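Heads up, the thing below is written out as structure tokens.
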Amino acid sequence: MTDLRDVLLVDGYNMIGYWPELVELSEIGLNEARNRLLERLANYQAYSGRRVIAVFDAYRVPGLGKSYEQGKVEMYFTKEKETADEAIERFVGELSHRRRQIYVATSDLAEQHVVFGQGALRVSARELLIEVQISEREIAQRIREQRDYASRNTLDGKLNPQQRHLFEKWRRGE
């Protein structure tokens, strides 16, 4: 069966060079920054339901061009002499279907003019960071609500707020 989910293609090193937390981590080591980016993208992927592919430049390292999966995020290291922008352009061509929307997260607007001409939608590094932060807050809120709900021992504590409100109205005879 064909995967028709929306796709988010992320230029990984663009995000590492823009997101403040990742800039600091990259000064310690690029692997730490890349792993943190992938961790945050995995949470975002679980929240948004989009297929997420993080593309990393590896054109200076011969013999790459491989895909890996970390969590639910697909990682792609470019082929020898291929840039991330070229790989993203190729992915957009391969993934384009009428029932799917493709988003490209990059800070290289000028480099991706062909991709956006093919109908992909641009998400800036800042916009993606904001979306990821919102998803992380909402995930944390849901976890807190579920933990609070599960830890209650009374019948009242096991009901959600709407049910409690309805029972309270019945109790008062409204």
Side-chain angles (χ1 to χ4, degrees), residues 1-61 64-142:
M1 184 170 188
T2 306
D3 184 355
L4 295 177
R5 294 179 294 168
D6 287 349
V7 178
L8 173 64
L9 292 166
V10 179
D11 188 329
Y13 290 132
N14 276 187
M15 299 309 115
I16 289 172
Y18 182 84
W19 293 8
E21 170 194 12
L22 300 179
V23 170
E24 290 175 20
L25 280 175
S26 68
E27 292 170 2
I28 297 168
L30 200 50
N31 283 336
E32 288 81 8
R34 188 172 42 241
N35 288 336
R36 180 66 179 140
L37 172 66
L38 294 171
E39 177 185 313
R40 293 185 81 181
L41 289 175
N43 289 337
Y44 175 74
Q45 187 278 330
Y47 176 79
S48 70
R50 290 179 179 163
R51 179 180 172 195
V52 177
I53 303 171
V55 180
F56 294 96
D57 280 312
Y59 63 92
R60 293 187 181 138
V61 181
L64 284 172
K66 296 184 179 180
S67 292
Y68 305 92
E69 197 167 299
Q70 183 164 328
K72 294 279 185 180
V73 175
E74 298 170 49
M75 259 190 319
Y76 178 78
F77 288 93
T78 61
K79 298 175 185 176
E80 186 176 356
K81 298 182 181 178
E82 178 184 45
T83 66
D85 297 320
E86 293 168 338
I88 288 171
E89 187 175 319
R90 184 170 43 82
F91 277 130
V92 168
E94 292 170 2
L95 296 170
S96 292
H97 292 92
R98 292 183 183 196
R99 294 184 212 116
R100 161 187 335 192
Q101 188 61 52
I102 299 176
Y103 299 87
V104 176
T106 182
S107 59
D108 292 339
L109 178 60
E111 297 292 325
Q112 293 295 346
H113 66 280
V114 172
V115 168
F116 301 127
Q118 293 174 337
L121 298 175
R122 180 175 188 261
V123 178
S124 70
R126 181 176 183 272
E127 290 169 326
L128 182 59
L129 177 59
I130 291 169
E131 281 188 42
V132 167
Q133 290 170 335
I134 289 170
S135 70
E136 289 171 342
R137 281 194 301 269
E138 293 202 11
I139 289 170
Q141 177 65 27
R142 288 182 187 174

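Quick caveat, the model's predicted, so the values are computed rather than measured. Because only heavy atoms are used, hydrogens play no part in the values below, and waters and symmetry mates are left out as well, while side chains stay in.
Closest approach of Leu8 and Ala105 over heavy atoms only: CD1-CB, 4.1 Å. What you find for Glu89 and Gln118 is that their closest heavy atoms are O-OE1, 4.1 Å. Residue Phe56 comes nearest to Gly12 through the heavy atom pair CE2-CA, 3.5 Å, listed as atom of the first residue, atom of the second, then distance. In terms of heavy atoms, Glu127 sits closest to Arg122 at OE1-O, 4.0 Å. Taking each heavy atom of Ala120 and Val104 in turn, the nearest pair found is CB-CG2, 3.9 Å. Listed here is the closest heavy atom pair of Leu38 and Met75: CD1-SD, 3.0 Å.
Screening Val92, Thr106, Leu121 for a side chain to side chain contact (heavy atoms under 4.5 Å, CB included) with Phe116, the sole residue that qualifies is Thr106.
The closest side-chain heavy-atom distance from Lys79 to Arg90 is below 4.5 Å. With a 4.5 Å cut-off on side-chain heavy atoms, Thr78 and Thr83 do not count as touching. Annotation: side chain of Arg142 is in contact with side chain of Tyr47 (closest heavy-atom distance under 4.5 Å).
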- Test side chain to side chain contact (heavy atoms under 4.5 Å, CB included) applied to Val10 and Val73, step by step: CA-CA 10 Å; Val10 179; Val73 175; over 6 Å; no
- Might you work through the side chain to side chain contact (heavy atoms under 4.5 Å, CB included) test for Trp19 and Val132, ending with a clear yes or no? CA-CA 11 Å; Trp19 293 8; Val132 167; 3.9 Å; yes
- Message: Show, in sequence, the C-alpha distance, side-chain angles and deciding distance for Arg50 and Gln101, and conclude whether the side chain to side chain contact (heavy atoms under 4.5 Å, CB included) test is met.
- Response: CA-CA 10 Å; Arg50 290 179 179 163; Gln101 188 61 52; over 6 Å; no
- Residues Asp85, Asp11; criterion side chain to side chain contact (heavy atoms under 4.5 Å, CB included); working and verdict: CA-CA 8 Å; Asp85 297 320; Asp11 188 329; 3.5 Å; yes
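A donor-acceptor distance shorter than 3.5 angstrom exists from the side chain of Asp57 to the backbone of Ala84, with no hydrogens or angles considered. Side chain of Gln45 to backbone of Arg51: no donor-acceptor contact under 3.5 angstrom is found.
Between Ile102 atom CD1 and Ile53 atom CD1 the span is 8.5 Å, to the nearest 0.5 Å. Taken to the nearest 0.5 Å, the OH atom of Tyr13 stands 4.0 Å off from the CZ atom of Arg34. Separation of atoms CD (Glu39) and CD (Glu136) is listed at 8.5 Å; rounding is to 0.5 Å.
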